[in-house]
**Student:** 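Structure incoming, see below.
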Amino acid sequence: MTGGRTAGSARRGRPELYTSYEADSALLNTRPKRVAVLLIVALAVIVPFLLTDNVLLILATAFVASIGAIGLNLVTGYAGQVSLGHAFFLGLGAFTGAVLSGDPDGRTVGLGMQLLVWLPAAGLVAAAAGLLVAPFAVRLRGLYLAIVTLGLVFLGEHLFREMQFITGGVGVGRPGPVPELFGFRFDQAGEVLGVMLTRNQKMYYLMFVLLLIMAVAGRNIARSAIGRAFAAVRDRDIAAEVIGVPLTKYKALAFTISSFYAGIAGALLYTVIGVIEPGSFNLLMSVQYIAMVLIGGVATISGSIMGAVFITLLPRITREVPKFLPFISGGATGGGILNVFQLEAILYGLLIIGFLIFEPRGLYGIWIRTRNYWKGWPFSY
Amino acid sequence: MTTTLQPPAPPATKSVPGRIRDRASRAGDRVALREKDFGIWQDITWGQYWDTIVTVGHGLLALGVKVGDRVAIQSENRPEWLITDMATVAVRAVTMGLYPTNPVAEVRYLLENSDSTILLAEDQEQVDKALAVVDQLPRLEKIIYIEPRGVRRRYTDPRLLYWDDFLDLGRQHRSAADGAVERCMAEATPDDIVALIYTSGTTGPPKGAMLSAANVEFAIRTLVEEGGFTDPPPTDTDVTLSYLPLSHVAERIFTTWFNASAGQLVHFAESIETVPQNLKEVQPTIFFGVPRIWEKIHATVEIRVASATRLKRWNYRFWMRVASRIGEKMVANGGRHTASTRLLSAIGNVFLFRALKDRIGLRKCRYAASGAAPIAPEVLKWFMGIGVPMHEVYGMTENTAVATANRPGSIKLGTVGEPYPTIELRIDDDTGEILTRHPGVFPGYWQNDEATRKTIDADGWLHTGDVGEWVDGTHVKITDRLKDIIITAGGKNISPSEIENSLKTSPFVKEAIVIGDRRPYLVALIGIELDTVGDWATRRRIPFTTYRDLSNKPEVVKLVQGVVEDTNTKFASVETIKKFRMLPKELDHEDGELTATQKVKRAAMAEMFGDLVEEMYRSRS
C-alpha cells in the first residue's frame with residue numbers, strides 16, 4: 001500500500017523517512033548528497049575556462065586514470081583478487097583502440113573506425129583477455145595470484161615489443177586512437193555550440209563525461225548483487241561458497257569487468273597523450289595503479305578517483321620541488337643528490353607505506369572520518 | 001394559507017468513524033497512517049483506511065457482535081488496532097484495550113470483568129495468554145490474530161480466526177448486506193459507550209471506565225478542534241509517532257482522535273525499543289510522552305555526550321549552560337521567547353541545539369507534552385532550553401483527559417496549567433482535592449456502581465483523587481495523589497512524588513519510592529538506571545555482573561548518596577530523606593511491582609521490600 005499523497009510540510013525535511021524502496025536505495029538519497037554532487041559537476045564544467053591548457057591535459061589524464069583505478073579497485077578492492085597485471089590490460093585496450101581507429105594508410109595497422117566502435121571494442125578485447133586469465137584466479141589466491149598476474153605484465157611487455165606491425169616498436173611507438181565521433185574531432189580545436197574550444201578543453205570534457213558514466217556504472221556494480229558477491233568472496237571465499245555464491249563465476253566476473261575498465265582506460269589514456277610507447281606498459285604502471293587504489297581507498301569508487309587524481313598530479317607537484325630544495329635536480333642529468341623522477345618513485349613508496357600504516361582506508365577514509373565527525377555532532381556516533 | 005413549520009433537523013451528531021468516512025470521501029488518496037514494514041514506511045490512505053474499517057465492521061456483524069458488546073484488543077500499536085477500534089464503534093459495540101504487557105492473570109481478569117466476546121490478539125504471545133485462560137471465559141467467542149507466525153495451521157482451537165480470513169468473512173457479509181455498518185452508524189446515539197478504558201490500578205484491581213460517544217466528542221472539540229493543546233490546532237500537515245499503549249486514554253487522543261478529527265499523519269513505531277530510531281526518522285511535529293520517556297531521552301543524551309570527544313563535550317557543556325539560562329528566562333516569561341533568548345537560541349542552534357534535536361527526533365516538534373504522571377520541572381526546563389516547546393498537561397480517563405493544560409505562551413513550570421475555558425474545575429476547600437464537571441465526565445465504572453458513586457457526587461462533580469492548589473489564581477499545581485500523601489509520625493503532610501521526581505531528575509535514578517507514612521522520618525528505595533550507571537561504572541573501570549551486583553557496589557551507593565544529598569538541599573528538613581536502600585531488582589510489570597503504565601504499585605512494594613524498609617527504621621546507619 002504505497003503512493004498516497006501527503007500535505008505540503010508533512011513531506012519535507014525527513015531525509016530518513018523512506019516510503020519506497022526506490023527512495024531507500026537511491027544513489028543520492030539525501031539532499032546534501034544531491035547538492036554536493038551537483039556542485040562538483042558544475043565546478044568540473046566551468047574549470048576548463050579557469051585553468052590553463054596544460055593543467056587541463058593533466059586533469060583529463062587523471063580522469064582516464066580514474067577509470068583504470070576503478071577497474072583495479074573492482075577486482076582488488078571489492079573482490080579481493082590481487083592483480084599486478086593491470087598494465088597488460090591497459091596496453092591491450094590502447095593497442096586495440098589504436099588499431100581500430102588508426103590511419104589505414106599508416107606505417108602500422110589501422111582500420112579508420114570511429115570512437116563509437118573502437119572504445120567499446122578496446123574494453124571488450126581486454127575483457128576477453130581478463131576472462132582467459134580468470135581460471136588462474138579461481139585456483140590461486142593471495143601471493144600466488146600476484147605472481148601469476150606479474151607474469152602477465154612481462155608477457156605483455158614482450159608481445160608489445162615484438163609485434164611491431166601493431167605497436168610500432170620500442171622507442172618509436174604509434175599514434176594513439178583518434179577520438180572521432182560521426183566526423184566530430186575531439187582532438188582538434190573547434191567551435192562547439194558557438195563556443196570556441198581548444199583541443200585540451202574538448203578532451204577534458206570528453207574524459208569527464210566518460211568518467212562520470214564509468215563511475216556511476218562502477219558504483220552500481222559495487223552496490224548490487226554482483227558487488228555484494230565480490231565482497232563475500234573477498235572476506236572469505238570458502239564462507240561465500242557455503243552461502244551459495246558461485247566462486248568461479250564471480251572471480252571470473254571480477255577479472256572480466258576489471259579488464260573491461262582497464263581496456264577503456266588504456267585506449268583513452270593514449271588518446272589524451274597522443275603517442276603509444278610499447279615499453280610503457282611495465283610493472284611501474286601496475287604499481288602506480290595499485291598506489292592509486294591504496295592511497296585513494298580500497299573498495300570505494302570515489303576513493304579510486306581521489307587516488308587517481310592525486311597520483312596523476314604528483315609529478316606536477318614534485319616538479320616544483322627543485323625550486324625550494326636545491327639539492328634535488330629538475331632533470332634526469334642535473335646533478336644534485338636526487339632528481340625529480342627518483343623523488344617521485346620514492347614518494348610513491350613512502351605514500352603507500354604511510355597510508356597502509358596510518359590510514360588504511362586511504363583518502364576516502366580521511367573524508368569519511370571527517371564527515372562522521374560532523375555527522376555525529378553533538379555526539380561521537 | 002397555512003405554513004407547516006418544519007421541525008429543525010437534529011444537529012448531525014459527529015462521530016469518530018464518521019469523521020474518517022468524511023475524510024475518505026473528501027481526500028481518499030491522502031495518507032492517513034504509515035506503518036513500517038521491511039524497512040519502508042508503507043502508506044495507508046484515508047480511502048483504504050475507511051474501506052478496511054467497513055469490512056471489519058461487517059466482519060464483526062458476521063460474528064454476531066451486537067450493540068453494546070465488548071471487543072477486546074491486545075496488541076502493540078498498529079493500523080489493525082485503530083481499524084478494529086473504529087469498526088467496533090461503527091457497529092455500536094465497545095472497544096476494550098489491554099496492554100500488550102498484561103500478564104496472563106490480568107488478561108483473565110480484564111476479559112472476565114468486561115465480558116468481552118471478541119478478542120483481537122496481535123501474535124502468538126498474546127494468543128497464548130488468551131488460550132491459557134479461555135476455558136474460564138465462557139463469553140469469549142472468537143480470538144482473532146493478526147500475525148500468523150506460529151499460530152496458523154498449528155493451533156487447533158476452533159475459536160481462533162486469522163485476520164485475513166476475518167476480512168474475507170467481512171467481505172462476504174458486506175456483499176450480502178451492504179450498508180449494514182452505515183445503518184448502525186446512523187442509529188448511534190451520543191449515550192453509546194464507545195470505549196472501556198481500564199485504570200492502571202495502583203491500589204486495587206483495575207476498574208473499567210466507560211466513555212460515551214458524547215464524552216469523546218467533547219474531548220475532541222476541546223482538545224483538538226478548539227486547540228486545547230496545540231496552538232494553532234493540529235492540521236493534516238502535522239506528523240505524529242504512535243508508540244504509547246493505545247489502551248491508555250492519552251495515546252487514544254494523540255493517535256486516534258487527533259488523526260480522525262485533524263487528519264494528522266500517524267506513524268506507528270515498530271516497537272517500544274525502536275522509538276528513538278523511529279523518532280529520528282519521523283521527526284514528529286506533535287509529540288506526547290510520559291515522564292519516563294522524557295527522563296529516558298534526557299539520560300540517553302547525557303550518556304552519549306559523556307562518550308564524545310573532548311571538544312564535543314566542551315561544546316555541549318557550554319551550550320547547555322546557555323540552554324539552562326534560556327530555559328529559566330522562558331519559564332519566567334510563561335514559555336515565550338524574549339528577544340535575548342531568541343538570539344541565544346539562534347546562535348545555539350548552529351552549535352548544538354538543532355543537531356541535538358535532530359538526533360533525538362524532535363527538530364520539527366512544534367508541540368511537546370508530558371502527562372499521565374508527575375514530572376520534575378528540571379526535565380521540562382531542560383527541553384525548553386534546547387528549544388523543544390514543552391507543556392505539562394493534566395487529565396484522567398474519568399474526565400476523558402479534559403482538565404487542565406499549560407497553553408503555549410502561558411506556561412507556569414511546576415503546574416499542570418489552566419483549566420480549559422469551557423469546563424468547571426474547583427479545588428475542594430477541606431481536602432484540597434481537584435474536582436471537575438463538564439460533558440467529558442464519564443458515565444461511570446463498568447459494573448461497579450459503588451466505585452462510580454464514590455467518584456461522581458450528586459452534583460455531577462468528578463472527584464479526581466488528586467490534591468492540588470491554585471497558583472496565581474489561574475494555574476493548578478498538583479501536590480500528589482490523595483492516597484499517597486504521607487503524614488509523618490510528627491503530623492507533617494508530605495507529598496512523596498515531588499521528592500521522588502526530584503530524585504529521578506538524575507540520569508542515574510530510574511525508580512525512587514519515598515516511604516514514611518506514620519514514621520518518624522522519610523526513607524527511600526532507589527532503583528538505578530542500568531544503562532547510565534552501567535556506562536558510568538564501565539568508564540570508571542568498576543567491574544560488575546548483574547543489576548543487583550551493580551546496585552550494591554559501594555561506588556554506586558556513593559553515587560546515589562550524592563543524588564539524595566542534592567535532592568535534600570531542595571526540601572525542608574522534615575522532607576529530607578534520612579536513609580535509603582538500593583532496590584535489588586529492576587521493577588517489572590510481570591512481577592506485579594508496576595502497573596501496565598509503569599507506575600509503581602505502592603502496596604505491592606511495601607509487601608515485597610518490607611524487610612528493607614523495616615531494616616532502615618531499625619538500624620542506626
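Naming: A, B, ... by sequence-line order, numbering from 1 per chain. Computed from heavy atoms alone, side chains included, the values below leave out hydrogens, waters and symmetry copies.
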**Student:** Atom NZ of residue position A:K375 - does it have more than 12 heavy atoms of other residues, nucleotides or ligands inside 6.0 Å?
**Tutor:**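 Not more than 12 within 6.0 Å, no.
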**Student:** Mark yes when over 12 heavy atoms from residues, nucleotides or ligands other than A:R31 sit less than 6.0 Å from its CZ; otherwise mark no.
**Tutor:**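 Open: at most 12 neighbouring heavy atoms sit under 6.0 Å from CZ of A:R31.
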**Student:** Other residues, nucleotides and ligands only: do more than 12 of their heavy atoms fall within 6.0 Å of CZ on B:R540?
**Tutor:**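 Counting neighbours around CZ of B:R540, more than 12 heavy atoms of other residues, nucleotides or ligands fall under 6.0 Å, so yes.
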**Student:** Would you say CZ of B:R539 has more than 12 non-hydrogen atoms from neighbouring residues, nucleotides or ligands within 6.0 angstrom?
**Tutor:**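 Check passes, neighbour count above 12.
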**Student:** Would you give the length of the straight line joining atom CG of B:D43 to atom OG1 of A:T19, rounded to the nearest 0.5 angstrom?
**Tutor:**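 Going from the CG atom of B:D43 to the OG1 atom of A:T19 covers 5.5 Å.
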**Student:** Which answer fits B:F351, side chain, backbone, both or neither, if we ask what part of it has an atom under 4.5 Å from a heavy atom of chain A?
**Tutor:**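 For B:F351, the contact with chain A is made by the backbone alone.
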**Student:** Among B:R34, B:R304, B:R313, which residue forms the greatest number of heavy-atom pairs with chain A at distances under 4.5 Å?
**Tutor:**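 Option with the top pair count is B:R304.
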**Student:** For B:Q283, does its backbone N or O pair with a side-chain atom of A:R14 as donor and acceptor, under 3.5 Å?
**Tutor:**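 Flag set: sc A:R14 to bb B:Q283 pair under 3.5 Å.
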**Student:** Measure across A:F379 and B:K312 and return the closest heavy-atom pair with its distance rounded to 0.1 Å.
**Tutor:**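 For A:F379 and B:K312, the tightest heavy-atom pair comes out as O-NZ, 2.8 Å.
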**Student:** Crowded around B:R325 CZ? As in, over 12 foreign heavy atoms under 6.0 Å?
**Tutor:**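 Check fails, neighbour count at 12 or below.
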**Student:** Using non-hydrogen atoms and a 4.5 Å limit, figure out which bit of B:D37 sits close to chain A: side chain, backbone, both or neither.
**Tutor:**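 Only the backbone of B:D37 comes within 4.5 Å of chain A.
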**Student:** Step by step, work out the side chain to side chain contact (heavy atoms under 4.5 Å, CB included) result for B:E281 and A:Y18.
**Tutor:** CA-CA 8 Å; B:E281 292 168 5; A:Y18 295 113; over 6 Å; no
**Student:** How long is the straight-line distance from CD of A:E16 back to CG of B:N278, given to the nearest 0.5 Å?
**Tutor:**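 Reported to 0.5 Å precision, the distance equals 11.0 Å.
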**Student:** Count the heavy atoms of every other residue, nucleotide or ligand shown that sit under 6.0 Å from CZ of A:F49, and state whether that count exceeds 12.
**Tutor:**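 Result for CZ/A:F49: enclosed.
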**Student:** Testing the basics here: between B:V282 and A:L17, what is the closest heavy-atom pair and its distance to 0.1 Å?
**Tutor:**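 Smallest interatomic distance, heavy atoms only, reads CA-CD1, 3.6 Å.
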**Student:** Could you pull out the closest heavy-atom pair between A:S380 and B:A308, with the gap in Å?
**Tutor:**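 In this case the closest contact between A:S380 and B:A308 is OG-CA, 3.1 Å.
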**Student:** What part of B:L356 gets within 4.5 angstrom of chain A, counting heavy atoms only: side chain, backbone, both, or neither?
**Tutor:**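 For B:L356, the contact with chain A is made by backbone and side chain together.
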**Student:** Please determine, among B:N315, B:L352, B:V305, B:D358, the option with the most heavy-atom pairs under 4.5 Å with chain A.
**Tutor:**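 Sorted descending by pairs with chain A, the first entry is B:N315.
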**Student:** Would you indicate whether B:R171, at its atom CZ, is surrounded by more than 12 heavy atoms from other residues, nucleotides or ligands within a distance under 6.0 Å?
**Tutor:**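 Yes, the 6.0 Å shell around CZ holds more than 12 heavy atoms from other groups.
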